[in-house]
Amino acid sequence: MIVEAESYERDDPACHAHVGLTERTAPLFGPPGHAYVYRSYGVHACLNFVCEPEGSAAAVLIRALEPRWGVGEMRRRREREGKRELCSGPGKLTEALGIGLAMNRAPLDEAPFDLRGRENGWRDVGVESCPRIGITRATELPWRFCATDSEYLSRPVPG
DNA sequence: TAGGCGATGGTCT
DNA sequence: GACCATCGCCTAC
């Protein structure tokens with residue numbers, strides 16, 4: 001279950017697409033409903049959902065999940081036991097889910113992805129916004145969105 | 001709980 | 001050659 005995400009868009013200096021259309025940023029300018037997977041700090045893969053109509057270049061970075069299904073497989077991939085250490089960060093969750101750079105540009109409504117809407121018990125969960133994490137530009141924008149009181153965030157909501 | 005830091009490699013200037 | 005949308009391990013308190 002997605003409990004933390006951040007939004008990025010073209011006019012936002014922290015967004016990869018801010019530099020314009022390049023080979024790397026092309027997926028951001030592509031059709032919505034597709035994955036944008038990039039390598040972070042030379043080490044990790046990070047997953048984004050491309051949003052907005054083709055040509056707009058906006059995306060949502062998936063930053064944390066509450067593990068609910070396939071927890072055993074996540075533990076094997078992560079080589080960690082603690083449930084809170086499996087998906088509490090953008091690099092962690094891609095490792096736990098087996099998402100790599102090969103899935104860049106892949107459609108989110110086809111296998112191996114299987115996205116589902118909120119289920120009972122999650123329809124009324126609150127969402128808080130605060131500044132985004134790990135960026136140096138446009139730090140004033142409150143575009144980090146977290147499920148209220150979730151124990152599975154990458155970091156607590158400040159305040 | 002917070003801060004420092006090395007690993008690591010593609011992208012862009 | 002600089003810059004990172006990070007992680008895990010370490011210290012200090």
Side-chain angles (χ1 to χ4, degrees), chain A residues 1-52 54-67 70-108 113 115 127-159:
Chain A
M1 194 68 67
I2 297 171
V3 296
E4 177 181 342
E6 289 177 354
S7 56
Y8 290 84
E9 56 101 9
R10 187 179 185 176
D11 295 332
D12 152 23
C15 181
H16 290 177
H18 190 64
V19 299
L21 178 61
T22 67
E23 187 172 345
R24 181 205 198 190
T25 63
L28 290 169
F29 290 85
H34 288 240
Y36 167 52
V37 183
Y38 70 94
R39 186 175 294 289
S40 175
Y41 290 90
V43 187
H44 304 101
C46 290
L47 171 68
N48 292 252
F49 294 170
V50 176
C51 303
E52 304 287 337
E54 190 164 359
S56 300
V60 170
L61 170 67
I62 309 303
R63 284 196 56 91
L65 311 175
E66 175 178 330
V71 174
E73 197 166 354
M74 292 185 189
R75 285 199 170 104
R76 280 194 295 278
R77 288 181 176 134
R78 291 274 297 139
E79 297 184 337
R80 312 221 167 251
E81 287 302 313
K83 202 171 172 186
R84 222 162 289 154
E85 305 169 63
L86 298 178
C87 298
S88 57
K92 298 179 187 179
L93 70 89
T94 54
E95 184 177 45
L97 269 53
I99 293 172
L101 299 182
M103 297 190 195
N104 193 23
R105 300 171 180 262
L108 295 168
F113 289 105
L115 280 176
V127 176
E128 298 173 84
S129 70
C130 58
R132 294 173 292 183
I133 291 178
I135 57 170
T136 56
R137 290 173 291 188
T139 53
E140 74 284 359
L141 294 173
W143 286 357
R144 177 187 177 216
F145 302 94
C146 300
T148 301
D149 295 331
S150 173
E151 301 174 24
Y152 298 93
L153 303 178
S154 65
R155 290 175 51 178
V157 175

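Below, chains carry the letters A, B, ... as their sequence lines are ordered, and counting in each starts from 1.
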For [X] and [N], give me the distance from atom [atom1] to atom [atom2], rounded to whole Å.
X      : N     : atom1 : atom2 : value
A:L86  : C:dG8 : CG    : P     : 10 Å
A:N48  : C:dC4 : CG    : P     : 17 Å
A:L101 : B:dT8 : CG    : P     : 16 Å
A:L47  : C:dT6 : CG    : P     : 14 Å
A:L93  : C:dT6 : CG    : P     : 12 Å
A:R39  : C:dC7 : CZ    : P     : 14 Å
A:N104 : B:dG9 : CG    : P     : 19 Å

- Base C:dA5 to side chain A:Y41, donor-acceptor N/O within 3.5 Å cut-off: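 No such pair is found, so the answer is no.
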- Message: At less than 4.0 Å, is any side-chain N or O atom of A:R80 found next to OP1 or OP2 of C:dC7? Yes or no.
- Response: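 Negative; the distance criterion is not met.
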Could you check whether any side-chain heavy atom of [X] comes within less than 4.5 Å of a side-chain heavy atom of [Y], counting everything from C-beta outward?
X     : Y      : result
A:V37 : A:T94  : no
A:P27 : A:R105 : yes
A:M1  : A:Y152 : no
A:V60 : A:I62  : yes

Just call it for [X]: base, sugar-phosphate, or nothing, with non-hydrogen atoms closer than 4.0 Å on any strand.
X      : answer
A:R155 : nothing
A:R144 : nothing
A:I135 : sugar-phosphate
A:R132 : nothing

- Please indicate yes or no: is the ring centre of A:Y38 less than 5.5 Å from the centre of the six-membered base ring of C:dA5, with the two planes inclined by under 30 degrees?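 Stacking is absent between C:dA5 and A:Y38, given that the ring centres and planes do not meet under 5.5 Å and under 30°.
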- Pair A:R78 + A:E95: basic N to acidic O under 4.0 Å: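 So A:R78 pairs with A:E95 through a salt bridge.
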- Item | Ionic contact status for A:K92 with A:E85, cut-off 4.0 Å | no
- Item | Paired nucleotide for B:dG6 [Watson-Crick or G-U wobble; both distances under 3.5 Å] |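 For B:dG6, the partner nucleotide comes out as C:dC7, under the 3.5 Å rule.
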- Item | Most 5' of A:T136 and A:E85 on DNA chain C, judged by nearest nucleotide |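 Residue closer to the 5' terminus by nearest nucleotide: A:T136.
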- Message: Which is more 5' along DNA chain C, the nucleotide nearest A:E6 or the one nearest A:E95? Just name the residue.
- Response: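 Of the two residues, A:E6 wins.
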- Item | Side chain of A:K92 - closest among C:dA5, C:dT6, C:dG8 | C:dG8
- Side chain of A:V43 only, please: which of C:dC7, B:dT8, C:dA5 is the nearest?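 Ranking C:dC7, B:dT8, C:dA5 by closest atom to the A:V43 side chain puts B:dT8 first.
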Polar atom pairs between nucleotides 11-13 of chain B and protein, under 3.5 Å, N or O only, would you list them?
from	atom 1	to	atom 2	distance (Å)
B:dC12	OP1	A:T22	OG1	2.6

- Do A:R132 and A:Y8 meet the cation-pi criteria used here (NZ or CZ under 6.0 Å from the six-membered ring centre, within 45° of the axis)?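 Yes - A:R132 lies over the ring of A:Y8, closer than 6.0 Å to its centre and within 45° of its axis.
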- Task: For A:S150 and A:E66, test the side chains for any donor-to-acceptor distance below 3.5 angstrom and give the result as yes or no.
- Result: no
